[in-house]
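Here is the structure we will look at.
Chain letters run A, B, ... following the sequence lines, proteins first, then strands; residues in each count from 1. On a predicted model such as this, the values are computed, not experimentally measured, just so you know.
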Amino acid sequence: MTTDEKHVETRQEAKLFFSRFLLEWYHIQKRDLPWRRHRNPYYIWISEIMLQQTRVDTVIPYFNRFIERFPTVEALADAPEEEVLKCWEGLGYYSRARNLQHAAKQVKENYGGQVPDDRDAVFGLKGVGPYTAGAILSIAFNRPEPAVDGNVMRVLSRYFLIEDDIAKGPTRVKMEKLAAELIPEGEAGSFNQALMELGALICTPKSPRCLPCPVMEHCAARLAGCEASLPVKTKAKPPRPEERLAALVEGRGEHAGRVLIRQRPASGLLARMWELPHWPAPPAEPGGGSGALLPEAAALDRLRRSMSQAGIHARPEEHWMAAEHTFSHIVWTLQVYRCREEAVLPLAAESRAVYLAAPAGRGDSAMAVDADAAQAAAQPQAAALQADEQPALFDSGDAAADAADSGALRWINREDMANYAFPNVFLKLLNSYFEQ
DNA sequence: AATGCGGGGTC
DNA sequence: GACCCAGCATT
């Protein structure tokens with residue numbers, strides 16, 4: 001027997017050992033999770049979308065609320081998008097929610113409301129990529145497809161001592177081939193979940209718990225003593241900082257007790273979510289140092305101009321608090337200022353005509369205000385002047401949203417918050433404000 | 001192949 | 001504070 005053949009035999013034995021003992025361990029140790037209590041393909045699908053880049057403990061309450069509110073594919077397909085977003089509020093990566101509903105419509109219309117069980121059909125659903133397709137096919141239908149996520153790549157890179165960079169595309173393909181070879185006959189669903197369960201509970205990113213690991217005996221990285229340095233993964237580049245000025249505008253008169261919120265554009269960052277209006281802060285004076293806070297007067301002035309340009313008639317009064325919000329690629333530092341709505345001035349005849357021609361209000365608290373149109377119509381020259389007064393554009397990662405500044409504005413009270421989906425940072429700010 | 005896209009837990 | 005998590009869409 002040549003060395004090569006001996007190596008192959010050893011590796012083959014290592015694979016068989018791995019599959020057998022991992023599966024045995026899983027049957028004993030698997031967690032009781034809501035989506036494991038039934039074999040409902042819709043539940044599996046929802047859970048897999050929610051679990052993208054998100055931990056199990058975070059997902060559980062969202063999953064339970066979601067299937068209560070949208071028990072079937074059809075219920076999800078027919079729901080208003082705002083309700084789906086509201087159900088996703090705080091979970092992050094909101095395009096998942098919109099893609100999921102898009103896919104629910106696909107399933108309703110193309111597959112009679114039944115989650116399809118063939119590879120091409122599942123893969124064709126919006127928001128379903130290589131991992132999620134494999135997860136749905138194997139867990140819901142026990143099809144022998146690999147489901148390779150970050151956990152699986154970590155486990156396999158250690159057990160088989162694979163030093164490929166898991167951030168690279170080809171590495172995932174390689175891992176999928178390996179994972180497919182490991183699936184025991186008729187056990188695809190359990191085996192794929194076992195791999196991920198091991199990654200989540202035992203073979204963790206830092207300080208893996210090797211002693212209770214069911215496959216430690218043949219783990220190549222453990223045997224070589226390099227389990228802590230695997231997997232190899234190139235570092236993500238750090239998020240860029242962005243200083244922004246936010247307005248918490250308190251209404252007067254008919255808006256008393258309400259604050260002004262704005263809806264974000266339909267695409268891009270936090271698409272269609274609601275927020276406190278905010279704008280890039282101009283860079284602090286060079287003399288102040290890079291991290292220097294904008295002087296209060298300059299910030300108030302800047303905010304006043306931004307609001308005016310956005311058609312918001314309000315006066316910034318005082319700094320309220322700072323808030324930080326970290327995305328994977330941006331870090332916002334929001335300086336929030338309390339502002340007061342200004343008394344509405346008598347409208348010019350020209351703008352009154354536009355105002356009266358506008359559609360009738362849709363109820364009190366939920367009445368939309370097309371601020372830009374109203375402002376542009378009411379004060380076209382003022383708007384132009386103010387635009388001219390603006391300092392030269394400085395770097396903003398949110399340039400499109402800032403330039404368009406097109407979101408609908410609404411005055412809401414505490415109870416209205418139940419009808420709008422907010423990113424967590426604004427949820428916390430608004431809750432904090434209304435609690436006072 | 002690289003980048004945009006949330007939010008939170010862990011060490 | 002650094003990492004990274006049951007990734008996908010877009011370019």
From A:Arg264, A:Arg410, A:Arg262, A:Met417, residue fulfilling side chain to side chain contact (heavy atoms under 4.5 Å, CB included) relative to A:Trp274: A:Arg410

Option from A:Thr204, A:Asn151, A:Val155 for which side chain to side chain contact (heavy atoms under 4.5 Å, CB included) with A:Leu198 holds: A:Val155

Sugar-phosphate, base or nothing in reach of A:Ile139, heavy atoms under 4.0 Å: nothing

Sugar-phosphate only, base, or nothing, as touched by A:Ser328 at under 4.0 Å among non-hydrogen atoms: base

DNA chain B: 5'-proximal contact among A:Lys168 and A:Val425 (nearest heavy atom): A:Lys168

Rounding to an integer number of Å, can you tell me how far [X] [atom1] sits from [N] [atom2]?
X        : N     : atom1 : atom2 : value
A:Leu427 : B:dG7 : CG    : P     : 10 Å
A:His329 : B:dA2 : NE2   : P     : 18 Å
A:Gln101 : C:dA9 : CD    : P     : 16 Å
A:Lys126 : C:dG7 : NZ    : C1'   : 15 Å
A:Asp57  : B:dG8 : CG    : C1'   : 11 Å
A:Arg264 : B:dG6 : CZ    : C1'   : 12 Å
A:Tyr94  : C:dG7 : OH    : P     : 17 Å

Test item: A:Ser19 side-chain N/O and A:Leu16 main-chain N/O as donor-acceptor pair under 3.5 Å: no

Under 3.5 Å: donor-acceptor pair, side chain of A:Gln101, backbone of A:Val84: no

Nearest-angstrom distance, C1' atom, C:dC3 to B:dG6: 16 Å

Euclidean distance for P, B:dT10 against C:dA6 (whole angstrom): 12 Å

Any residue of residues 127-135 of chain A with a heavy atom less than 4.0 Å from an atom of DNA chain C: A:Gly127, A:Val128, A:Gly129, A:Pro130, A:Tyr131, A:Thr132

Salt bridge (charged side-chain N to carboxylate O under 4.0 Å, His left out) between A:Arg244 and A:Glu242, intermediate numbers included: CA-CA 6 Å; A:Arg244 304 186 70 88; A:Glu242 270 188 34; 3.1 Å; yes

Nearest listed nucleotide, side chain of A:Leu269, among B:dG7, B:dG6, C:dA6: B:dG6

Test: A:Glu181 and A:Lys15 ion pair at under 4.0 Å: yes

Candidate pair A:Phe160 and A:His218, rule ring-ring contact (aromatic ring centres under 6.0 Å, His included), full reasoning: CA-CA 9 Å; A:Phe160 294 100; A:His218 291 293; over 10 Å; no

Ring centers of A:Phe327, A:Trp332 separated by less than 6.0 Å: yes

Listed pairs, N/O of protein and of nucleotides 2-5 of chain C, under 3.5 Å:
residue : atom : partner  : partner atom : Å
C:dC5   : OP1  : A:Arg154 : NH1          : 2.9
C:dC5   : O2   : A:Arg55  : NH1          : 3.3

